[in-house]
There are 2 protein chains.
Amino acid sequence: MSESAWRPVRRTRTFEDVLAQIERRIAEDGLTAGDRLPPERTLAEQLGVSRSSVREAMRVLETLGVVSSQVGRGPDAGAVLVSKPDSALTDLLRLHLGLAALEPGEVIDTRLMIECWSAARAAAGRPDTSALERALRGMDGARTPEEFVEHDTAFHCALAEASGNRLIAAFMRSLRDSMRRYAVEAVIRLGDTSGLQADHRRILAAVRGGDQEEARRAVTDHLARAYPPDAH
Amino acid sequence: MSESAWRPVRRTRTFEDVLAQIERRIAEDGLTAGDRLPPERTLAEQLGVSRSSVREAMRVLETLGVVSSQVGRGPDAGAVLVSKPDSALTDLLRLHLGLAALEPGEVIDTRLMIECWSAARAAAGRPDTSALERALRGMDGARTPEEFVEHDTAFHCALAEASGNRLIAAFMRSLRDSMRRYAVEAVIRLGDTSGLQADHRRILAAVRGGDQEEARRAVTDHLARAYPPDAH
DNA sequence: GGCGGAGTATGGTCTGACCATACAATGGTC
DNA sequence: GACCATTGTATGGTCAGACCATACTCCGCC
């Protein structure tokens, strides 16, 4: 018998079975966001497991942004399928950053990748730019770094949404959320935000003008200003 | 009183408190991958909550790829901090794809973004290309579409790893995992894999030659061949 | 018709028990 | 002393049953 022919038997825990069955039901019945899952007690009885196991499966699904549980009684109570990957991604990034398993530089790089892509895509599509303009005005009126960063986040997320790709937009939102602290530090370090605002207007102009390459360059220059490579 | 001045009181559930405290400990004590968490029973007693609540928190952390639990006794037993975001990302993508909350086209687009970026980064850094070459040979010897896709996945993941960014590499692995089905379909649809292999060699040559723009173009052309825009 | 209290279904939590697992400690055997 | 089988024990995994808080539903009173 050859060595390493034995792979470790992956014991499957009860709640993993429950998860698999729920996922199968989603696929087979074509369930989608807004549909409801049976109550925990019912599910436990139907699957022949304890309510604890069902609850642990629910917790996993909730963590992944796939179900949302409401207590009480009525049409809105119980577990309903949703599709909110944002908080799941945010939690994931935040925790792994906290574990020092990811460097801030890696996250900033990823953000640069996403923003370049989004800006180019947005420029190609001539999207609605009202959200971008609103965020610009918000940054103009900001009185504290925190307030500025809030509208800055709105600007960059709006850029990602303008790309039309929901996965990329969700990833962008999560990156911003998990990096809020660094963003505030960067603004404080810079002191003056007029340069950032000039960058933002340049990005907006490129998107409006449909110039993909200029949009890429504008975003790259902007992030280089906000996060100079020697700052992390 | 202005409208919408009231935000919904977000009742915090017990297991969320447990989660917050564990996260705080990770941050304050500088815990990192490999460190261990107290046993569930101890944690429950110390926090003054039931073991069920601790377990639900553990399930969340496990889902996010932050802890791994082993039964039994000894140095390897108990809950240990890890950093495995891959399966979390994979589950997230797979479930949201299943809920029809994401279109395959969005995932493919995201993949194109990541690969272009990775290829350019890899070309800029003159990385070790032995993994890429090994995957190439594997594809040459593949006898079934499934086998080809397996080595193809290895090739593209190796490309992402060559970028040096672990977050992007993890995202790439998850994208490939959640899209394995589509990849096999694409190979079967094409029938002949010689074109794909020519693309791969062109990508490798660009990376070896340090030509970032050519690497970008090669990846873009390759994905356009594998997933023609009218196929999804 | 409207309003208020009782009823009830739901998720959230707790307690206590038992099981399976895998190491630790012990003691016997050679 | 080295080795091995037995027993003990700490750990996660599961279950059953209870109780609580919540929020809707229903029914009866006004």
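Letters go in sequence order (proteins before strands), and every chain restarts at 1.
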Could [X] and [Y] be called an ion pair, given the rule that one side-chain N must be under 4.0 Å from one carboxylate O?
X	Y	value
B:E28	B:R24	yes
B:D152	B:R176	yes
B:R59	B:E62	yes
A:R173	A:E161	yes
B:R181	B:E185	yes

Tell me which nucleotide among C:dG12, C:dC23, D:dG12 gets nearest to the side chain of B:P75.
C:dC23
Among D:dG12, C:dG11, C:dC14, which nucleotide sits nearest the side chain of A:A79?
C:dG11
Which part of the nucleic acid does [X] contact within heavy-atom distance under 4.0 Å: base, sugar-phosphate only, or nothing?
X	answer
A:S52	base
A:G72	base
A:R59	sugar-phosphate

Kindly indicate whether the side chain of [X] and the base of [N] share any N or O donor-acceptor pair separated by less than 3.5 Å?
X	N	value
A:R41	C:dG11	yes
B:R73	D:dT9	yes
B:R51	D:dG13	yes

Measure from [atom1] on [X] to [atom2] on [N] and round the result to the nearest Å.
X	N	atom1	atom2	result
A:D76	C:dG11	CG	P	13 Å
A:E45	C:dG11	CD	C1'	17 Å
A:M58	C:dG11	CE	C1'	10 Å
B:L47	C:dC14	CG	C1'	15 Å

Report the residue (A:V71 or A:E56) whose heavy-atom-nearest nucleotide on DNA chain D is the more 5′ of the two.
A:E56
Under 4.0 Å between a side-chain N/O of B:T14 and OP1 or OP2 of C:dT13, yes or no?
yes
